[in-house]
Amino acid sequence: MVEKKDWLSRLESRWSLAQQAGAIPIVGGMAGAIFAALTDFMSAWAPYSWFFGALLGAIGFQAWALLRSWQGERAAKRRRLESLLPPIGYVNLAEKRFERQRIYLPDMLIPGESEIRDKEFVDCELIGPVNVVFATSGPGIAEVSNCKFSRCDGVVCMGGAPIKNAIVLFDCRIRGCDISLWTLMFSESDKEYVEKGFEGLNIINRLN
């Protein structure tokens, strides 16, 4: 059914182009002849200036029509291709590794959950706005390395203060990513590590 519709669409497009090919040269020829008759633009070819004016007008109008048709077909093809592509920031939640993707971090959450577990991000753009907490099940499992933070704030949470409005990145590895619009919350014991290793993070205050 889809192929039949595409065939009919192409036939309709070609029919419309054929109609234009018949009408536009006539209109262009008339416009060129009138222009040549009312001006001295082609006086050097008198008494055939009207003929050459009509010819140039017909060719010019036809070329313009073909160019417009070509541009329209290219735009239609681009729209069809874009409709088949996933939206920018789309992620497959079943994947474990993401590389060179632009990801809106809230899109990584399963509905009703607040935790992203055991994912690896390499050379990605990770975008908020979002509150983030890192957590791990053991040393050497989670990792954040060679990342750049832009327009991101850091908040040091003291005294084991509970954090309820944040996405938890649990046992995730993040390498070489550009991170923006995050508010990263971390404990006092991690402050020195974060200050040295999280390039561009703006630590704004401490919570007691």
Side-chain angles (χ1 to χ4, degrees), residues 1-2 5-6 71 74-208:
M1 186 67 178
V2 175
K5 286 184 178 180
D6 288 342
Q71 290 175 334
R74 285 196 63 187
K77 288 181 180 178
R78 185 172 62 250
R79 287 193 296 269
R80 284 196 296 269
L81 288 175
E82 289 175 350
S83 69
L84 299 174
L85 295 175
I88 295 175
Y90 169 83
V91 290
N92 181 357
L93 298 181
E95 296 288 340
K96 288 291 187 180
R97 177 185 170 90
F98 302 89
E99 187 171 358
R100 293 187 177 89
Q101 288 185 242
R102 173 179 291 177
I103 298 173
Y104 297 98
L105 198 64
D107 292 344
M108 292 290 302
L109 286 176
I110 297 173
E113 298 290 334
S114 61
E115 188 175 273
I116 300 171
R117 299 181 67 93
D118 192 25
K119 303 291 186 182
E120 183 177 5
F121 304 93
V122 180
D123 297 329
C124 291
E125 289 183 66
L126 303 178
I127 305 171
V130 65
N131 299 328
V132 175
V133 175
F134 288 109
T136 182
S137 57
I141 299 176
E143 178 187 352
V144 179
S145 61
N146 300 317
C147 295
K148 294 182 180 180
F149 292 79
S150 63
R151 293 182 293 171
C152 293
D153 294 323
V155 177
V156 182
C157 301
M158 299 180 65
I163 302 171
K164 298 182 178 180
N165 181 29
I167 292 177
V168 179
L169 295 178
F170 191 87
D171 284 349
C172 292
R173 281 85 54 205
I174 304 176
R175 304 185 181 102
C177 293
D178 291 329
I179 298 172
S180 60
L181 300 176
W182 282 22
T183 298
L184 180 61
M185 303 178 182
F186 52 92
S187 65
E188 174 70 12
S189 61
D190 293 326
K191 180 175 182 292
E192 184 176 354
Y193 168 75
V194 169
E195 287 181 332
K196 290 181 178 180
F198 288 26
E199 179 184 345
L201 185 67
N202 175 44
I203 299 178
I204 56 175
N205 68 334
R206 300 170 181 239
L207 299 178
N208 295 306

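Being a predicted model, the structure only gives us computed values, none of them experimental.
- Every residue two or more places apart in sequence or in another chain that forms a salt bridge (charged side-chain N to carboxylate O under 4.0 Å, His left out) with Glu115 is listed here: Arg117.
- Residues Ile167 and Trp182 form no side-chain contact, since every pair of their non-hydrogen atoms from C-beta on lies 4.5 Å or further apart.
- Between the SG atom in Cys152 and the CD1 atom in Ile204 there is a gap of 11.5 Å [rounded to 0.5 Å].
- Under the side-chain contact (heavy atoms from CB on, under 4.5 Å) criterion, Asn131 pairs with Asn165, Ala166, Thr183, Met185, not counting sequence neighbours.
- Contact of the Ile116 side chain with the Leu105 side chain is registered, since non-hydrogen atoms from C-beta on lie closer than 4.5 Å.
- Among Val133, Val155, Ile203, the one residue that satisfies the side chain to side chain contact (heavy atoms under 4.5 Å, CB included) test with Phe186 is Ile203.
- A 6.0 Å sphere centred on CG of Leu93 holds more than 12 heavy atoms belonging to other residues, nucleotides or ligands.
- Annotation: salt bridge (charged side-chain N to carboxylate O under 4.0 Å, His left out) contacts of Arg97 (sequence neighbours excluded): Glu99, Glu120.
- Residues Ala135 and Val168 come closest through the heavy atom pair CB-CG1, 3.8 Å.
- For the pair Ile174/Leu169, a side-chain contact is recorded, criterion being any heavy-atom separation below 4.5 Å from C-beta on.
- Considering only residues two or more places apart in sequence or on other chains, Thr136 meets the side chain to side chain donor-acceptor pair (under 3.5 Å) condition with Asp171.
- Between the side chain of Lys119 and the backbone N or O of Glu95, at least one donor-acceptor pair lies under 3.5 Å.
- Evaluation of the salt bridge (charged side-chain N to carboxylate O under 4.0 Å, His left out) rule for Lys164 yields no partner, not counting sequence neighbours.
- Cys124 is linked by a side-chain contact (heavy atoms from CB on, under 4.5 Å) to Phe98, Gln101, Ile103, Phe121, Leu126, Cys177, counting only residues two or more places apart in sequence or in another chain.
- For residues 177-187, no pair satisfies salt bridge (Lys or Arg N to Asp or Glu O under 4.0 Å), with sequence neighbours left out.
- In this structure Asp123 satisfies the side-chain contact (heavy atoms from CB on, under 4.5 Å) test together with Arg100, sequence neighbours excluded.
- For Ala94, the side-chain contact (heavy atoms from CB on, under 4.5 Å) criterion is met by Asn92, not counting sequence neighbours.
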Give every donor-acceptor pair under 3.5 Å between a side-chain atom in residues 144-151 and any protein atom, sequence neighbours left out.
unit_1, atom_1, unit_2, atom_2, d
Ser145, OG, Glu143, OE2, 2.8

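- Applying the salt bridge (charged side-chain N to carboxylate O under 4.0 Å, His left out) rule to Asp153 yields no partners; only residues at least two apart in sequence or on another chain are considered.
- Shown here are the ring pair (Phe, Tyr, Trp, His ring centres under 6.0 Å) partners of Phe134, two or more places apart in sequence or in another chain: there are none.
- Of the inter-residue distances, the one linking Phe170 atom CZ with Ile141 atom CD1 reads 8.0 Å to the nearest 0.5 angstrom.
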